[in-house]
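Input: a single structure, listed below in structure tokens.
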Amino acid sequence: MSLYRNIVWFIKGMREYTRSGFENASKSFVEKDLDVSMVGRSFMITGANSGIGKATAMVIAKKGGTIHLVCRNKERAERAREEIISASGNTEVYVHVLDLAETRKVWEFAEAFKKEHSSLNVLINNAGCMVNQREINSDGLEKNFATNTLGVYILTKCLIPLLEKSRDPRVITVSSGGMLVQKLNTDDLQTERAQFDGTMVYAQNKRQQVVMTEVWAKANPKIHFSVMHPGWADTPAVATAMPQFHQMMRDRLRMAEQGADTVIWLAVSRASTAFPSGLFFQDRQPVSAHLPLAWTHSSRQEVKVFVGRLESLAKLAMTAKPSE
């Protein structure tokens with residue numbers, strides 16, 4: 001990671017990712033894009049009990065959509081469900097308890113969901129984590145990678161057949177502008193050899209999500225895939241994982257609802273699917289997934305190796321001893 005990329009990313013962030021950046025961008029939004037009914041359409045949102053996930057669920061519920069909240073903590077999820085129902089008047093809000101860090105359980109959940117539900121119109125991969133000390137999950141995988149990359153990969157891959165059977169299927173993945181300072185690293189996916197830096201591991205995971213989205217879009221033309229950056233939003237996850245950054249930027253951070261705006265636009269508007277599948281979005285516009293002059297592009301071979309290693313890890317998880 002070069003000093004150049006760090007400096008350019010921070011300058012870009014101060015201009016575009018803050019609350020004022022959203023306010024400037026929103027001047028060109030077409031508000032009627034969101035003037036749609038979602039009655040009869042179903043949405044799965046991971047990490048939906050707080051922050052961007054909850055804000056997204058709230059808006060879509062108010063539009064009549066059926067909401068599947070996929071959350072790690074049952075108590076917080078049930079509380080979020082009650083708040084969403086109370087505010088929206090929509091009772092079609094369901095809680096599913098799942099920790100994306102537990103790899104085999106992700107597969108078990110997706111397989112069970114396919115058996116229980118005849119359709120799923122939109123999958124929103126929002127859940128994520130930034131663990132600042134290296135931790136291993138029950139499957140022996142580094143926790144950030146297991147949650148942000150492999151969990152998202154398995155959940156999405158398993159649900160693709162269900163999505164393909166549904167009308168106007170979409171997959172939206174919430175990434176981060178931090179990925180702009182990272183080039184895909186296929187040699188050390190779980191940070192076993194490099195010095196562990198939770199922030200940089202997270203950024204690498206978010207680059208991996210961009211690459212996965214591009215791969216999925218090419219392989220599954222019936223589904224519209226997109227990946228987005230919500231800007232620097234004031235969420236419980238940011239406050240917990242990056243306390244110094246949160247304290248320094250608190251007055252400039254976007255509200256969770258502002259961070260969720262493009263997720264919602266990608267999930268419900270007709271305008272969003274007019275763009276090609278597989279793009280990276282920020283404030284309702286496709287933007288480059290690479291900084292100017294940055295050597296962060298991946299070769300076809302690097303992408304092939306990356307996907308191959310994900311497939312191998314996913315198969316190991318599926319054939320491991322069943323979860324208790």
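Ring pair F281/H229: centre-to-centre distance not below 6.0 Å. Ring-centre distance between F113 and H96: below the 6.0 Å cut-off.
Looking only at side-chain heavy atoms (C-beta outward), M44 and V70 come within less than 4.5 Å of each other. Put simply, the side chain of F280 does not reach to within 4.5 Å of the side chain of P286, judged on heavy atoms. Between L34 and D261 there is a side-chain heavy-atom pair separated by less than 4.5 Å. Inter-residue side-chain proximity for T156 and V152 is flagged as met; some heavy-atom pair is nearer than 4.5 Å. No side-chain heavy atom of N49 sits less than 4.5 Å from a side-chain heavy atom of K54.
Taking NZ of K63 as the start and OG of S37 as the end, the distance is 9.0 Å to the nearest 0.5 Å. If you take CG on L159 and CG on N125, they are separated by 9.0 Å, rounding to the nearest 0.5 Å.
In E192, the CD atom is crowded: over 12 heavy atoms of neighbouring residues, nucleotides or ligands sit closer than 6.0 Å. Within a 6.0 Å sphere centred on CZ of R76, other residues, nucleotides and ligands contribute 12 heavy atoms or fewer.
Between the side chain of N90 and the backbone N or O of T66, no donor-acceptor pair lies under 3.5 Å. Here the side chain of R207 pairs no donor or acceptor atom with the backbone of L184 at under 3.5 angstrom.
Within the structure, the ring-ring contact (aromatic ring centres under 6.0 Å, His included) test picks out no pair touching residues 161-185 (sequence neighbours left out).
No hydrogens or angles considered: a donor-acceptor pair under 3.5 Å links the side chains of E92 and Y94. When only modelled atom types and interatomic distance are considered, T273 and H224 share no side-chain donor-acceptor pair under 3.5 Å. Side-chain contact check for Q209 and Y153: no donor-acceptor pair (N or O, by modelled atom type) lies under 3.5 Å. For the residue pair R170 and S272, a side-chain donor N or O sits within less than 3.5 Å of a side-chain acceptor on the partner. A side-chain donor-acceptor contact under 3.5 Å links T149 and Q208. Side-chain polar atoms of D197 and Q195 form no donor-acceptor pair below 3.5 angstrom. Side chain to side chain, D33 and S269 fail the donor-acceptor criterion of an N or O pair below 3.5 Å.
One hydrophobic cluster holds both V174 and L279 under the rule that ILVMFWY side chains link at heavy-atom gaps under 4.5 Å. Two different hydrophobic clusters hold L120 and V263 under the rule that ILVMFWY side chains link at heavy-atom gaps under 4.5 Å.
Within the cation-pi definition used here (under 6.0 Å to the ring centroid, within 45° of the axis), R254 does not qualify as a partner of F22.
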